Amino acid sequence: MTTLAPPPTTGRDGGPRHRAEAPPAGAAGAGGGLAARARRMFTGAPEDPRWARPALWAVLVLTTALYAWNLSSLTGNTFYNAAVYSGTQSWKAFFFGALDAGSFITVDKPPFALWVMGLSARVFGYGTWQIMLPMVAVGVGSVALLYRMVKRDFGAVAGTIAALALTLTPITVAITRDTNPDPVLVFLMLLGAATLMKAVRTGRLMPLVWSGVAIGFAFNTKMMQAYVVLPAFFLVYLWAANASLGRRIRNLAVGTVALIVSSAWWMVVVDLIPASSRPYIGGSTDNTVWDLVIGYNGFGRIFGAGSSVGSQGNGASFGGDASVYRMFNEIMGGQISWLIPFALIALVGGLVLRGRAPRTDAKRAALLLWGGWFVLHYLTFALAEGTFHPYYVTAMAPGIAALAGAGGVMLYGAFKERSVAQWGWVLPLAVAVSAVWAVVLLQRVSGSGTVYTVAQVVAGVAGAVAVIGLLVGRFTRRRKLVGLASLAAVVALLAGPAAYSVSAATTASSSGTNPTAGPNTGGGMGGGGGMGGGQRPSGDAPTGNAPSGSAPSGTGNSGSSNSGSTSSSTGNSSGSSGSSGSSGSSSSQAGGDGGGTGGGGMGGGSQVSSEMITYLKKNQDGATWLVAVATDQTASSIILESGQPVISMGGWSGSDEAMTLAKLKALVKAGKLHYIVVSDSGQGGGQGGSSSAASEIATWVKENGSAVSDYSGLYRLDASDAG
């Protein structure tokens with residue numbers, strides 16, 4: 001039976017293949033003095049091929065360069081940037097993941113990724129590279145971890161290919177150069193997978209417990225998305241773990257307890273705290289984290305507006321219509337689909353090749369894990385009818401990359417076995433299909449730039465050379481020709497992703513809310529990230545004043561700057577508009593996992609200029625909050641420019657009922673808030689029409705407040721106005 005791993009390299013029967021045989025245990029340098037460990041870090045283990053560790057370092061250097069290139073120019077997601085900044089000003093805001101340092105409302109995600117960035121900002125000072133550094137670190141860490149996992153089961157060649165494929169996944173490059181939580185999510189999921197496979201190999205309990213803990217922290221990064229891989233985790237352990245059935249069931253039960261505890265602790269703590277003593281839970285319908293889990297960040301993402309659980313899910317999609325073909329459409333194809341055909345063929349072929357292996361076979365278990373990882377994510381993202389952004393699919397990339405490396409090397413091994421005639425066509429077919437698909441993807445963006453034209457030629461020529469070389473080499477038994485053809489295949493399959501990835505790393509992008517790689521293909525806001533994005537944080541340490549950097553564009557809404565539509569008509573987390581293909585709309589349309597239509601009653605459409613912010617700071621008069629505005633988009637930009645807490649009354653979309661008239665009166669009477677922005681129309685905010693609370697607030701403010709004549713929609717309220 002053909003297997004993936006290369007022949008043993010240190011066995012004494014046939015002698016070492018790549019290096020001098022490892023010294024016996026106890027010999028100098030073998031057991032691991034400090035010098036020996038340091039040497040192995042750069043040269044690898046004695047049994048590894050000599051090229052393996054240098055190749056890994058080369059891949060990691062490339063990864064770091066792509067993720068960290070021109071780091072100070074990055075924008076990040078203003079929504080999360082503001083929450084990180086607020087967390088550096090208040091430990092309460094830090095713990096809850098509040099948007100503002102006054103802790104009025106939280107962002108619509110759990111705070112673990114904010115904690116990671118916030119700790120970096122507290123140590124090094126708040127600024128661009130300080131908050132981006134953890135994202136680059138976890139991105140590079142994910143590549144290194146994937147290499148280690150694939151190499152352990154399938155060898156150095158497979159590990160290197162997998163690491164390179166993940167590095168060059170375009171959407172992964174784009175999102176790692178951002179402050180959305182997804183890179184942290186992927187790293188934690190990979191940690192969970194690594195410890196799971198250790199539990200499978202050893203049959204021990206503790207690695208499984210740590211796997212549950214890792215996924216629990218991933219849950220506290222992006223909630224239900226972390227659980228997409230769980231069916232594969234459970235099935236792989238239950239089937240392949242090196243333990244009796246009873247022990248496997250018992251260990252799974254204990255691991256599940258660890259998963260639940262590590263997932264739920266923050267949610268339970270927050271929901272047990274009285275609502276009056278904590279921020280409003282942004283994105284929820286009843287001010288609880290539990291509702292956020294099952295609604296907006298749960299069933300709402302899958303079923304959209306039709307979800308019966310929660311009301312925050314919607315049909316807004318920036319990745320095209322939900323269908324099994326979504327990953328191959330004009331928007332998503334260039335972001336993630338390059339290696340999907342190859343990965344699918346490699347998965348099926350690899351499982352067939354390991355078909356008669358023992359139940360505990362590590363290679364088959366790994367194939368099931370990575371195959372399950374890929375298939376589960378694919379189906380979830382392809383069929384999701386709720387809010388969907390292209391960058392979500394970065395979570396699918398490790399599965400594709402691992403299958404490309406592991407399955408590809410298995411197909412190569414079967415291809416070389418002339419005794420297995422039926423396998424002679426599988427590898428050439430996989431290469432041919434994937435190379436043709438790469439040419440199709442690049443043809444879609446023909447004329448977008450020289451780099452894509454060159455990539456198209458390289459993919460086509462190298463693909464043809466690879467297929468012909470493989471077939472001729474096998475027929476003529478020329479191993480060197482087969483080897484060269486295999487290298488050509490790698491070049492053919494990675495030329496397109498490399499072009500997109502280099503574009504994502506080198507093209508200045510102001511979109512932190514919906515980052516994508518490559519040229520604009522009609523709906524995903526491409527072009528190295530698309531449009532809009534918000535204000536860049538400064539490189540200076542926090543001083544309590546406004547972080548320096550580029551000022552908002554004049555709207556105060558996530559820095560949208562070059563679109564025909566303002567944030568008042570975009571950016572709703574739960575609206576029904578914002579359909580795919582609207583590349584002309586501003587960044588607010590895509591921000592913060594949102595999509596759809598923003599609220600209007602509490603200032604959703606009002607302009608907030610730098611001059612207004614200067615006026616507000618000059619006349620703050622000791623208030624806790626500088627101003628109250630309708631949405632998170634507006635509030636986050638003001639927070640970053642002013643350095644002061646700002647109230648978002650309606651959350652991301654304007655539909656959260658975080659502010660009530662009674663609460664507003666109490667804040668005004670206590671002198672904690674003096675200024676509020678309401679729309680000129682006075683109509684209620686919220687999704688898809690009027691909100692009674694927003695209309696009530698707008699009416700009361702206009703009747704009792706003093707309009708600031710220089711700034712439309714701005715009203716001053718003092719304690720006497722609250723009665």
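Quick caveat: nothing in here was measured; it's all calculated off a predicted structure. We're numbering straight along the sequence, starting at 1.
Taking all atoms of both residues into account, the shortest heavy-atom contact from L383 to S323 is CD2-C, 3.9 Å. For A322 against A384, the heavy-atom pair with the smallest separation is CB-O, 3.3 Å. Taking every heavy atom of both residues into account, A366 and F154 meet most closely at CB-CE1, 3.6 Å. The shortest non-hydrogen separation linking T202 to K198 is OG1-O, 2.8 Å. Considering every non-hydrogen atom in both D153 and A362, the closest pair reads OD1-CB, 3.7 Å. The two atoms that bring A435 and A459 nearest to each other are CB-O, 4.2 Å, heavy atoms only.
Residue M189 holds its CE atom at 7.0 Å from CD of Q225, rounded to the nearest 0.5 Å. With values rounded to the nearest 0.5 angstrom, M396 atom CE is found 4.5 Å from I340 atom CD1. In this structure, CZ on F219 lies 9.0 Å from CG on L259, to the nearest 0.5 angstrom. One distance of note links CG of L471 with CG of L427; it measures 9.0 Å at 0.5 Å rounding. Rounding to the nearest 0.5 angstrom, the gap separating the CG atom in L347 from the CG atom in L368 is 8.0 Å. Atom CG of L379 and atom CE of M327 lie 9.5 Å apart (nearest 0.5 Å).
At distances below 3.5 Å, not a single donor-acceptor pair connects side-chain atoms of S211 with backbone N or O atoms of P207. When atom types are taken as modelled, the side chain of D361 and the backbone of P358 share no donor-acceptor pair closer than 3.5 angstrom. Under a 3.5 Å cut-off, the side chain of T176 and the backbone N or O of V173 do not form any donor-acceptor pair. With hydrogens and angles disregarded, a donor-acceptor distance shorter than 3.5 Å links the side chain of S501 to the backbone of L168. With hydrogens and angles disregarded, a donor-acceptor distance shorter than 3.5 Å links the side chain of N220 to the backbone of S263. Proximity of a side-chain donor or acceptor of R177 to a complementary backbone N or O of P515 within less than 3.5 Å is not detected. The closest donor-acceptor contact from the side chain of R444 to the backbone of I331 lies at 3.5 Å or more, if one exists at all. Not a single donor-acceptor pair under 3.5 Å links the side chain of Q335 to the backbone N or O of P170. Between the side chain of R354 and the backbone N or O of K363, no donor-acceptor pair lies under 3.5 Å. With W338 contributing its side chain and S434 its backbone, the two residues share no donor-acceptor pair below 3.5 Å.
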The test is side-chain contact (heavy atoms from CB on, under 4.5 Å); show your working for L62 and L164 and say whether it passes. CA-CA 9 Å; L62 173 63; L164 188 59; 3.9 Å; yes

Given side-chain contact (heavy atoms from CB on, under 4.5 Å), test L344 with F374 step by step and report yes or no. CA-CA 9 Å; L344 281 171; F374 162 62; 3.3 Å; yes

Show the numbers, then the answer: is there a side-chain contact (heavy atoms from CB on, under 4.5 Å) between F217 and V184? CA-CA 10 Å; F217 276 95; V184 177; over 6 Å; no

Stepwise side-chain contact (heavy atoms from CB on, under 4.5 Å) test for T256 and F234: CA-CA 9 Å; T256 301; F234 277 85; 3.3 Å; yes

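The shortest side-chain heavy-atom distance between V229 and L376 does not fall under the 4.5 Å cut-off. When side chains are defined from C-beta on, F415 does not count as touching V426, because their heavy atoms never get closer than 4.5 Å. With a 4.5 Å cut-off on side-chain heavy atoms, Y500 and V445 count as touching. Counting heavy atoms from C-beta on, the side chains of V136 and L71 come closer than 4.5 Å. Looking only at side-chain heavy atoms (C-beta outward), T179 and M132 come within less than 4.5 Å of each other. Proximity of L166 to Y147: side-chain heavy atoms (C-beta onward) are nowhere separated by under 4.5 Å. The shortest distance between side-chain heavy atoms of K151 and D48 falls below 4.5 Å. Using a 4.5 Å cut-off on side-chain heavy atoms (C-beta onward), Y237 and L208 make contact.
Taking the six-membered ring for Trp and thresholds of 30 and 60 degrees, Y392 and H389 have ring planes more than 60 degrees apart, a perpendicular arrangement.
Paired with Y391 under the rule side-chain hydrogen bond (donor to acceptor under 3.5 Å, both in side chains), one option of N514, N180, D182 passes, and it is N180. Of the listed residues (L66, T167, T63), just one forms a side chain to side chain contact (heavy atoms under 4.5 Å, CB included) with V140, and that residue is T63.
Judged by distance alone, the side chains of S503 and Y452 do bring a donor and an acceptor atom under 3.5 Å apart. A donor-acceptor contact closer than 3.5 angstrom links the side chains of W437 and S337.
Residue W210 qualifies as open at atom CH2: its count of foreign heavy atoms under 6.0 Å is 12 or below. R152 CZ: 12 or fewer foreign heavy atoms inside a 6.0 Å radius.
Cation-pi check for R326 over F381 is not met; the charged atom does not lie both under 6.0 angstrom from the ring centroid and within 45 degrees of its normal.
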